[in-house]
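Have a look at the structure below, then the notes.
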Amino acid sequence: MPDTIITNLLARVTKPARYLGTEWNAVHKDWEENPARMVFIYPDLYEVGMSHLGLAILYGAVNEQPGMLMERAFAPGPDMEALLRENHIPLFSLESHRPLADFDVIGFTLQYEMSYTTILNILDLAGIPVLATERGAGYPLIIGGGPGVANPEPVAPFFDCFLLGDGEEALPEFLNLVGQLKKEGLWDHRREVLDRIASLPGFYVPSFYDVTYNSDGTVAAVVPNRPGIPERVSKRVLPDLDEAYFPTRPIVPFLEVVHDRIMLEVMRGCTHGCRFCQAGAIYRPVRERDLAVLLRQAEELVRHTGHEEISLTSLSTADYSRVEELARALVAAYGDLGVSVSLPSLRVDAFSVRLADAVQQVRKSSLTFAPEAGSQRLRDVINKGVTEDDILTATAEAFRAGWQAIKLYFMLGLPTEGEEDLQGIAGLARRILYQGRELAPGKKPTVTVSVSSFVPKAWTAFQWEPQDPVAVLKEKQQLLRNHIKGPGLRFNWHDAEISYIEAVLARGDRRLAAAIMAAWRRGARLEGWSEYFSYACWERAFQETGLDPAFYANRERREEEVFPWDHLDFGVSKTFLLRERRRARAGQLTADCRSGRCTGCGVCPGLGVDLRLKGGPEDRAPADKV
């Protein structure tokens with residue numbers, strides 16, 4: 001696209017730096033010398049997308065390979081979208097400012113169900129039909145990845161294929177195939193291209209599977225419709241993170257983004273087994289990086305970025321087996337250079353507080369803990385594995401160490417929740433506030449309670465459970481507002497209607513694609529931002545398509561029911577999840593397999609990974625012996 005057109009556009013938008021593509025460490029590869037060309041799209045604004053570690057990893061992993069290139073694109077802001085539509089200019093990539101339709105592959109990361117309408121809007125802005133059946137030769141291949149592919153069925157009609165699991169090795173392998181197909185002159189033969197892609201481990205081609213339904217509207221079966229296609233597609237797993245690619249020259253944005261810091265991934269996966277947590281299930285098994293590898297990566301990242309903060313990232317950073325040694329080494333090496341260390345995920349225990357205190361070299365702002373439920377009974381139901389004594393011990397340690405602001409995260413609408421559990425949230429917040437006043441006399445401690453609404457997700461023990469109706473969620477929010485107020489107490493809550501639509505999409509089937517299209521045509525986009533979300537838009541979309549959202553969100557699933565995602569395999573067995581659901585109902589805890597015997601979730605033998613994980617006990621009983 002001519003630079004004069006881009007310059008004219010950028011002069012008329014509020015944040016032109018979103019679209020420049022000339023940031024420090026951005027990669028500009030020669031178009032002609034790299035025949036396999038992909039654009040990676042995070043379907044949200046630049047400030048959100050550039051905070052995504054997965055983008056940095058895949059961008060570097062692809063661009064380090066010969067014969068292929070990856071550029072970036074994001075959802076344009078409303079001002080840029082209006083200009084593109086007004087002037088009939090297709091959405092373009094950042095690095096070369098080429099129209100997205102010029103690329104061989106467009107890859108979307110599915111991080112959040114509320115981004116689905118934005119995906120359609122991006123395709124439309126690029127001049128690309130949103131339905132895969134309407135795209136033939138000459139259009140890019142549309143691929144999806146990320147946690148949303150745990151159940152991609154609601155958006156399956158829009159995609160040509162999905163990648164399940166880790167992408168560092170799988171995506172370059174996929175692009176090598178793209179280059180080979182182009183060299184063989186087969187790229188325009190879409191059916192043959194999809195056949196070859198379906199033969200790659202971890203790649204799911206939804207058009208190769210037919211869905212049938214029962215008379216009650218539930219899924220009867222999802223089966224292959226052609227020979228040679230596996231009945232179940234298994235996710236890709238990197239067994240050794242030390243050997244995996246990790247970016248040490250990530251792009252440094254021109255403008256402030258949501259997470260403007262170095263992200264050092266210390267481990268992947270979590271085995272705490274919280275029964276509502278999808279990430280803890282689909283990212284198993286736990287894999288740690290060696291301390292020496294992390295220190296080397298940190299050194300290069302500091303040198304190549306200029307960032308003033310290193311964030312130790314994972315689902316549960318305090319569980320990294322050498323986390324204290326790592327944190328202290330980083331503080332010693334870079335503290336005098338003005339580079340701080342942060343721990344974005346803390347356990348609810350005193351060790352985590354002491355660890356945070358050890359790395360906190362500047363003003364202590366706030367500490368965040370996630371008890372999730374207000375009573376011990378409900379914390380046992382969700383397998384949180386912490387007691388009120390654990391919580392109060394951790395917050396007391398925080399107040400003694402000088403923190404004056406405590407943030408607490410809870411979830412409303414968890415299975416079996418009653419009013420006493422809600423009252424427990426308010427009571428715990430007050431006890432922590434009184435504790436702070438006693439331990440820090442003369443100070444003004446604050447306790448902020450933030451609540452989200454339970455959304456049942458695929459691949460969790462609660463995938464059978466209903467979500468509370470919106471009216472009930474609002475009643476629970478009001479109850480808490482009435483009880484969490486006064487000096488030192490603050491209360492935040494998440495929009496119940498947004499959580500409702502999220503629940504509809506999280507466990508939906510392919511029929512929901514019609515509602516997603518209808519909502520988008522009515523203006524839905526950028527729905528991760530509350531100011532752009534319209535519940536009325538979705539209500540009209542469901543009415544227009546004749547779909548009942550309560551069927552997906554508020555209905556308890558039968559134990560024997562076929563799920564829309566049962567033909568996919570993320571390793572955790574349905575038998576294990578059902579057993580966990582029953583244990584939840586009985587209030588029984590399940591131990592973390594890293595600290596005891598294998599729980600038999602099925603991941604390690606099912607995916608063929610080594611059971612003797614770094615940082616875990618050497619005497620763990622193998623799954624096939626339990």
Side-chain angles (χ1 to χ4, degrees), residues 23-25 42 48-61 63-64 109 111 146-147 166-169 238-253 256-270 279 283 285-347 351-352 354-362 367-368 613-615:
E23 308 99 316
W24 185 257
N25 291 333
Y42 191 108
V48 178
M50 283 304 297
S51 300
H52 178 46
L53 180 59
L55 164 57
I57 291 173
L58 297 179
Y59 184 83
N63 283 323
E64 285 203 352
T109 179
Q111 292 293 313
D166 298 324
E168 292 95 322
E169 293 178 352
L238 285 172
D240 189 348
L241 289 190
D242 289 341
E243 299 298 323
Y245 173 83
F246 191 80
T248 54
R249 291 178 179 265
I251 298 170
V252 181
E256 185 176 358
V257 297
V258 174
H259 299 302
D260 204 4
R261 60 188 70 126
I262 289 170
M263 290 179 283
L264 189 65
E265 186 187 33
V266 299
M267 59 186 283
R268 194 171 295 179
C270 177
Y283 289 115
V286 171
R287 291 145 289 165
E288 293 193 354
R289 278 196 167 91
D290 185 75
L291 178 65
V293 171
L294 290 169
L295 292 175
R296 184 172 65 250
Q297 290 174 348
E299 179 184 7
E300 295 181 31
L301 283 161
V302 170
R303 185 169 68 249
H304 294 147
T305 67
H307 282 303
E308 296 178 345
E309 180 181 343
I310 301 172
S311 177
L312 306 182
T313 66
S314 77
L315 292 175
S316 183
T317 298
D319 290 322
Y320 176 58
S321 59
R322 302 181 71 180
V323 63
E324 185 170 10
E325 188 178 354
L326 171 63
R328 291 184 183 279
L330 293 174
V331 169
Y334 306 112
D336 291 343
L337 300 177
V339 178
S340 63
V341 176
S342 65
L343 305 163
S345 56
L346 292 178
R347 289 193 308 243
F351 168 76
S352 293
R354 290 193 294 271
L355 180 62
D357 187 47
V359 302
Q360 187 78 63
Q361 299 295 302
V362 293
L367 275 187
T368 301
L613 304 170
K614 295 178 183 178

query = Does Ser352 reach the side chain of Leu343, with side-chain heavy atoms less than 4.5 Å apart?
reply = no
request  = For residues Pro250 and Tyr59, determine if any side-chain heavy atom of one lies less than 4.5 Å from a side-chain heavy atom of the other.
outcome  = no
Where the side chain of [X] meets the backbone of [Y], is there a donor-acceptor pair that is under 3.5 Å apart?
X      : Y      : answer
Asp166 : Glu168 : no
Asn25  : His304 : yes
Thr248 : Glu300 : no

ask   = With sequence neighbours left out, what residues match Glu169 under salt bridge (charged side-chain N to carboxylate O under 4.0 Å, His left out)?
value = none
Which heavy atom in [X] sits nearest to a heavy atom in [Y], and how many Å separate them?
X      : Y      : result
Val257 : Met50  : CG1-CB, 3.9 Å
Ser314 : Val266 : CB-CG2, 4.0 Å
Glu309 : Arg261 : OE2-NE, 3.4 Å
Leu238 : Arg268 : CD1-NH1, 3.9 Å
Ser316 : Arg347 : OG-CG, 4.2 Å
His52  : Met263 : C-CE, 4.4 Å

request  = Would you sort out whether Tyr320 and Leu312 count as a side chain to side chain contact (heavy atoms under 4.5 Å, CB included), showing the intermediate values?
outcome  = CA-CA 10 Å; Tyr320 176 58; Leu312 306 182; over 6 Å; no
task = Drop me the distance from Glu288's CD to Asp240's CG, to the nearest 0.5 angstrom.
result = 11.5 Å
ask   = Rounded to the nearest 0.5 Å, how far does CE of Met267 lie from CZ of Arg287?
value =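 It comes to 9.5 Å.
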request  = Please name all residues satisfying ring pair (Phe, Tyr, Trp, His ring centres under 6.0 Å) with His259, sequence neighbours left out, ordered by chain then number.
outcome  = none
inquiry  = Just checking Glu308: does its CD atom have more than 12 heavy atoms from other residues, nucleotides or ligands closer to it than 6.0 angstrom?
reply    =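 No - once you tally the heavy atoms of other residues, nucleotides and ligands closer than 6.0 Å, there are 12 at most.
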Verdict with supporting geometry, Asp260 and His307, side chain to side chain contact (heavy atoms under 4.5 Å, CB included) = CA-CA 8 Å; Asp260 204 4; His307 282 303; 3.3 Å; yes
ask   = Leu264 pairs by side-chain contact (heavy atoms from CB on, under 4.5 Å) with which of Thr313, Leu301, Leu53?
value =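 Result: among Thr313, Leu301, Leu53, Leu301 is the only option passing the side-chain contact (heavy atoms from CB on, under 4.5 Å) with Leu264.
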From CA spacing to verdict: side chain to side chain contact (heavy atoms under 4.5 Å, CB included), Phe246, Val293 = CA-CA 10 Å; Phe246 191 80; Val293 171; over 6 Å; no
Which atom pairs, one a donor and one an acceptor, fall under 3.5 Å between side chains of residues 323-338 and the rest of the protein, sequence neighbours left out?
{"from": "Glu324", "atom 1": "OE2", "to": "Arg328", "atom 2": "NE", "distance (Å)": "3.3"}
{"from": "Glu324", "atom 1": "OE2", "to": "Arg328", "atom 2": "NH2", "distance (Å)": "3.2"}
{"from": "Glu325", "atom 1": "OE1", "to": "Arg322", "atom 2": "NE", "distance (Å)": "3.1"}
{"from": "Glu325", "atom 1": "OE1", "to": "Arg322", "atom 2": "NH2", "distance (Å)": "3.1"}
{"from": "Glu325", "atom 1": "OE2", "to": "Arg322", "atom 2": "NH2", "distance (Å)": "3.0"}
{"from": "Tyr334", "atom 1": "OH", "to": "Glu299", "atom 2": "N", "distance (Å)": "3.4"}

